[in-house]
Every structure is written in C-alpha cells, then in structure tokens.
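Contents: one structure, followed by commentary.
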Amino acid sequence: MTLIQLAGVHKHYGDFHALKGIDLDIRQGEFFSLLGPSGCGKTTLLRVIAGFEGVSEGSVSIDGRDMRGVGANHRPTNMVFQSYAIFPHLSVGENVGFGLRRDPRPREDKAKAVDEALEMVGLSGYGKRAAHALSGGQRQRVALARALILKPKVLLLDEPLSALDKKIREQMQVELIKLQREVGITFILVTHDQEEALVMSDRIAVMFEGEIGQMDDPETLYRRPNSRRVAGFIGMMNFLPATIGQKVSQMKSRPAPPPGPDNRGLLQRLKDIGRVVPPAPKALPEYETGIEVKVAGLGRCIVPPEQIPDRVGQGETIVGIRPETLSILFEGETTQRNIAEAVVDEVVYYGDMTYYDVRVAGVEKPLTISMKNLIGRPVLDVGVRTRVAWDERSLVILGS
Amino acid sequence: MSDEARRGLFLVSPPFLYAILLLAVPVVTIILYSFWTDGYLEVVPDLTLENYTESLTDPLIRQLLVRSVGVAMAVTAATVLLAFPIAYYISFHVRPERKSLWLFLITIPFWTSYLIRVALWKVILGYNGVANSVLDLLGFSQEPVLFFGAVVGQVFEPVTWFNLSIPAIVITLSHAYAPFAILPIFVALEKIDRSLGEASRDLGDGPLMTFWRVTLPLAVPGVVAAVLIVFIPTIGDYVTPAVVGGDKNPMIANFVYISFLKLDNYPQGAALAMLSMLAVTLIALVFLWLNRRWLRVGR
C-alpha cells in the first residue's frame, strides 16, 4: 500500500533548483533510503515530506491526504534530526514526553508511555537525567524515543548516524533495523553513506543534483546500476570502454564453474545479516544466442541479450565490473572463466582482504581487484605478472 | 616564594592596587561613614545605627527609596519587554549578513553623551514639548485658566502630563538602556539551535507554543542578564530625575547628593547609598536564583 506519494515535486531557492521533478511512491512499512552526495537535495526532499519546506511545484500526499498547506506540526510524520535537537532545558523524560502535550490521556498514562518509549530504545531509568549530560548515542536514542512515542505513520531520519563513531554506528544500524521491524512504522532515512543505505534499506533512491538517478532494492542497485554515476557512487566499480557487436549464436556452453570463494564482499555481508536471500547457485545457461561484447583489456565475450539495457545500442559503450567479481589466478589455479594477462601495479593489504591494482594491455587505468585472503593464498608483490579471471555475467553495460 | 609567583605578583599588583584604591577604599569609607555620627562641619567617629533607623523611618526618605525601586522596576520591565521583540526580530528574522548592521544601528544613540540624550528627551516631554503639544492639539487640555477664581476667556492651560513627571523619567531611562537589554537577549537567542524550534514544530506545537516552551526558556539567561544590567544602574540614576523629573520627583541618588553636598550630612548620605546598594544586591540575588532554577543546573 502506498503511504507517501510525491508527484513532480520541484523546489527552487531563488536561482537554485534544489529538486527537479521528483516522483516517488513509498509503501507502508518500508525502510526507504535517500542516498546521494552532499548537496544532491536528499535532505531538502526529507524536509519537504516533513513539512518544513513547501514545494514550488508538484504535490506531496501522505496516507492519501494532500499535504498542501499542512504544517509540520499537523503531519503524521516525526523526525530524528541530524543534530538530534534534544531540548537542553528539559530532562530526558520531558524531552521524550514533549509531543504528548495535547494527548488527552491522564498524567500517569503519559508517564507510563514515556517509560515504555525509553525502555524501547534501551534507556530505562534515564527519565530524570538532564538531557545535556548524555552521550551522542544516548541523545540519538532519546530523539528516537521522542519521535516514536507519537506513533507517527512515517519516521524521518536525517543522517542520524553520521555523528557517531564507527563501532556505535554499526551497532545502531542493526538496532534501527530491528526497531523498524518491531514497530512496523515506515522509515525514511537520508544518508550519504552507501554502505549504510545498502545494509539498512528495503529500497533506495540514489539522488544526484536534485534528481533521482535510480530507485531499487539494494541488491539490484548494487548488481545492476543503471548509470555510471550510480555505479561509481555505490561500491567500487572498474569502468572500461567496450564495443557492443552483433547478435551471434554460440553452440557450445561451458559447465558452470564451482562457486568461487572470491566472490565475497559487501553482498556477503548483506547475506550474513539476512538482508539479501542468497540465490540458489544456478548452472550457466546454455546460450543459444548472445550479443558479442569486446571489452578493452579483457577481451571478447558473449552476453545474454537481457543483460544489455534497451537504451544501449550497438557500438561504443562503457562497461562496469566490480572488484570482487574479478579474481587473480594464483600459481596452479585453473578456471572455467575468461582469462586476461595482467601486471600487479599496487597492493593494499587490509587483513581479511587484499586489494590489487593490475594493469592490463590496452587500458590506461589499472583495474582494481579484491581478493579474500584465504589460507595458503599468497599476497603478490608489485610488478608480478599474473592472470585475471573474469566473467561476462558480472559485466554491467552502462552505455556511454 | 618561587620566581614565577613573584613575577606573577608583580604583574598583578598595579591593577590590584588600582582596584583597592578606586573600589575598596571608597566603599569601605562609605560603610564607615554610614555608621558614624554627624557633627558640626565634621564626621564624628562614634558608632551608631541612627542613620539607618532615621532613613527607614523618615517618611520623606522612605518615599524616595520606594520611588527609586519603583522607577527602576518600571524601567527594567519596560526596557526588557520592548527589547525582547527587537532582539527576537534581529536574531530570527534578519538575514545573517545584515545582523551586524542592525546591531550597529542600535548603538547609534550612544554616539552622543548621555546628558545630551536626556536633555533632548526634555524637548519631547517637557512643558510645551512635542508630547504635550500633541495632546493639546488632540483636545486634552480641559482646565480653563483661572484668574482669581474666574474663568478668563477661552484660554486653556497646556497639558503637562509628561512634564517633570515620573513617567517622563521611566520613558527616558528605558530609551537610554534599551541597547543594554537588547544585546544580552540577542546573544541568548543567537545561541539557540534552530533545529530545536523545528523539533518542537515536528512534535506538534504551533509557533506560539514553540516560543513558550522552547525559545523563551532558552532565552531566560539573556533576559536575566538584561534585567540586572538595566536595574542596577537605573536605581541609582541621578541625571535623569534631575533633568526630566525636575525638583518634584527626586530619586534616592538625588537625595544622596543633597545629603553630601547641600546638607553636609555625610553619614546620612552614606547610609542611603548603602541602602540602595542593599536593594540592588537583594534583587540581583533573586534573579540569579531564578536563573539557576530555570536552567536546572546540577539536576
């Protein structure tokens, strides 16, 4: 069920065109993220939904009600501010109960609701404390409790985790996901952190310069970005020039390669926390026909037609390939996949992973490859000749 | 004594001596005078409380004390109430790059001497002044001029409501101290995180409730500072009552002046000075306590 509907929303600040025709449907109970670099309009969009900013053009409706002329104080939305905006002159309990002023319930019931809200965010017994004495993580919990106690239809979160350090941030990500499942309220998160968006969201809208570049679930967004800027913003991506050729028939099909140990990374992390259900390993389809693609530096391959977006025709194009879908072939290893010769240009060791930059013939920029550091696998030195295994299924055809 | 301590003492001593000579010595002198006895052309160092008991029992002096405190309270209330909307407007509605210009404009009256500003108010409020003349034109002058009990033609006495009156003192002082109230309130308002107002709106409060529940409580430190800054000097103001209040409405400072220089009664003047200081101290303490309560420090 659609809860929030934005149609053709434009926002001008003087000469600055902050939002350029946003169309958006957000479903009831969804964890939706607005992702983009700073200045892309994601916060403006959130403030438009909250009612802090009017729209120059277009319409916003929440729960089937047009929000034109409805102020922030009359909308079924509540917000967790980037600075948390905890009232410094009030206690924690008074902060949490701030929005209950017009609640007709008796005082004791309100006090109970405050206690329950504090318990929900793990701050039982903090009600009497002074708000200005809290740590960053605690402030955020108070801000959450203060918003959720009002049982909004939509909770808006404006970069709520950006002020926290890494450990607490990752912990809060998991807690927020759990909380959202528990309360069943629609969450809209604004973030510039692509990993945060991928980990937490059901759906993500990637924004650039006031427009939505792509709107999809995390896996599609990661696997099938629809443009070079989306591909470059989410995760790491190697970009290579390529030529799309004719439709060809390929009689022979190769047996499916064993599931590679090297295809781990962010997607695996998503699977680990249950965000993405791993697809059953499937045998390589026996292509009857395919389209010939020549990738600079890697070589020729045949890709199934459905992998090429309709907007991309024959001729010059750009393809993307993720570092974790490439692999170094170490001494004695064999593969069913395509192989290209390469020279190691740079090695960055991360402990669990090693990132290699390798040079392949005919491409100016080195390719980045990430390899899991499995037992017995060496770390190569700079200048070593090696082979790179790649797969046409991991090619993302982006168009020029 | 270590070398460093000696050097520190050396650096501190000039201002310290200055402070002792110009602050501590005069205050102690006044305290001593207030407990001594008035003699003929001299002060007799016999300890007595008579100066205080007389000050507090003499109906004339009591009236002056009450008038001083009353005028100071009225001035403080008027100044702070008028200053708050101005400070609020500058802080919340003036564009950031224009704010310093506004503050600059507010200080312009200070470019002329205090005495001249007070004297100019006399032009507005005095006999046949602007305010009274306007009231005249509006037909407020009702009392016919009497000559030996008989009405003399259609000549009317001009209105003199503002001439040499307590309201004139209050108006003049409120104008004089306005910037001292605007600035601390402005600073307190500037320090308020703007997202707090948005949070209040987001949690369901309209603009008035947001002001009442968020903006005003957070502006209290500025208001308290403004109250003290205005109240303390106005209770002992000497020039304004003398110029726009005339001889009819002296305040305590004017009587201190008379005691010292006209009546040659130093102990009486000293006791009155001490009493007005006491009043200031009491009221300052009350406001500091209010401030602390409101901000819940230590909770």
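Proteins get letters first, then strands, A, B, ... in listed order; numbering begins at 1 in each.
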For [X], is it the side chain, the backbone, both, or neither that has a heavy atom closer than 4.5 Å to a heavy atom of chain B?
{"X": "A:Arg47", "answer": "side chain"}
{"X": "A:Ile86", "answer": "backbone"}
{"X": "A:Phe52", "answer": "side chain"}

Using a cut-off of 6.0 Å, state whether more than 12 heavy atoms not belonging to [X] lie near its atom [atom1].
{"X": "B:Leu282", "atom1": "CG", "answer": "yes"}
{"X": "B:Arg98", "atom1": "CZ", "answer": "no"}
{"X": "A:Met120", "atom1": "CE", "answer": "yes"}
{"X": "B:Tyr52", "atom1": "OH", "answer": "yes"}
{"X": "B:Lys99", "atom1": "NZ", "answer": "yes"}
{"X": "A:Glu119", "atom1": "CD", "answer": "no"}
{"X": "B:Tyr114", "atom1": "OH", "answer": "yes"}

Give me the atom names and distance for the closest heavy-atom approach of B:Ser200 to A:Phe87.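 Reported closest heavy-atom pair: N-CZ, 3.9 Å.
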Between A:Arg146 and B:Ala199, which heavy-atom pair has the shortest distance, and what is it? NH2-CB, 3.6 Å
Just list the side-chain donor-acceptor pairs under 3.5 Å for residues 60-70 of chain A, sequence neighbours left out, or say none.
unit_1	atom_1	unit_2	atom_2	d
A:Asp63	OD2	A:Lys153	NZ	3.4
A:Asp66	OD1	A:Arg68	N	3.4
A:Arg68	NH2	A:Gly58	O	3.3

First locate atom [atom1] of [X], then atom [atom2] of [Y], and finally report the distance between them rounded to the nearest 0.5 Å.
{"X": "A:His89", "Y": "B:Leu216", "atom1": "NE2", "atom2": "CG", "answer": "9.5 Å"}
{"X": "B:Glu198", "Y": "A:Asp158", "atom1": "CD", "atom2": "CG", "answer": "9.5 Å"}
{"X": "A:Phe98", "Y": "B:Leu196", "atom1": "CZ", "atom2": "CG", "answer": "9.0 Å"}
{"X": "A:Arg75", "Y": "B:Arg201", "atom1": "CZ", "atom2": "CZ", "answer": "11.0 Å"}

Quick check: does any side chain N or O of A:Asn73 sit under 3.5 Å from a backbone N or O of B:Asp202, one acting as donor and the other as acceptor?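 Not a single qualifying donor-acceptor pair exists.
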Between B:Asp205, B:Thr210, B:Ile192, B:Asp193, who has the most heavy-atom pairs with chain A when the cutoff is under 4.5 Å? B:Asp205
Should A:Tyr84 and B:Ser195 be marked as a side chain to side chain contact (heavy atoms under 4.5 Å, CB included) after you check the CA-CA gap, both sets of side-chain angles, and the distance that decides it? CA-CA 8 Å; A:Tyr84 309 142; B:Ser195 65; over 6 Å; no
Hey, which of A:Ala143, A:Ala147, A:Pro152, A:Ala85 has the most heavy atom pairs under 4.5 Å with chain B?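 Top count of heavy-atom pairs under 4.5 Å with chain B: A:Ala85.
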List for me each residue that meets salt bridge (charged side-chain N to carboxylate O under 4.0 Å, His left out) alongside A:Arg27, sequence neighbours excluded, and say none if there are none. A:Glu30
Decide side chain to side chain contact (heavy atoms under 4.5 Å, CB included) for B:Arg213 and A:Arg101; before the verdict, give the C-alpha distance in whole Å, the side-chain angles of both, and the deciding distance to 0.1 Å. CA-CA 11 Å; B:Arg213 295 178 79 195; A:Arg101 183 176 64 86; 3.4 Å; yes
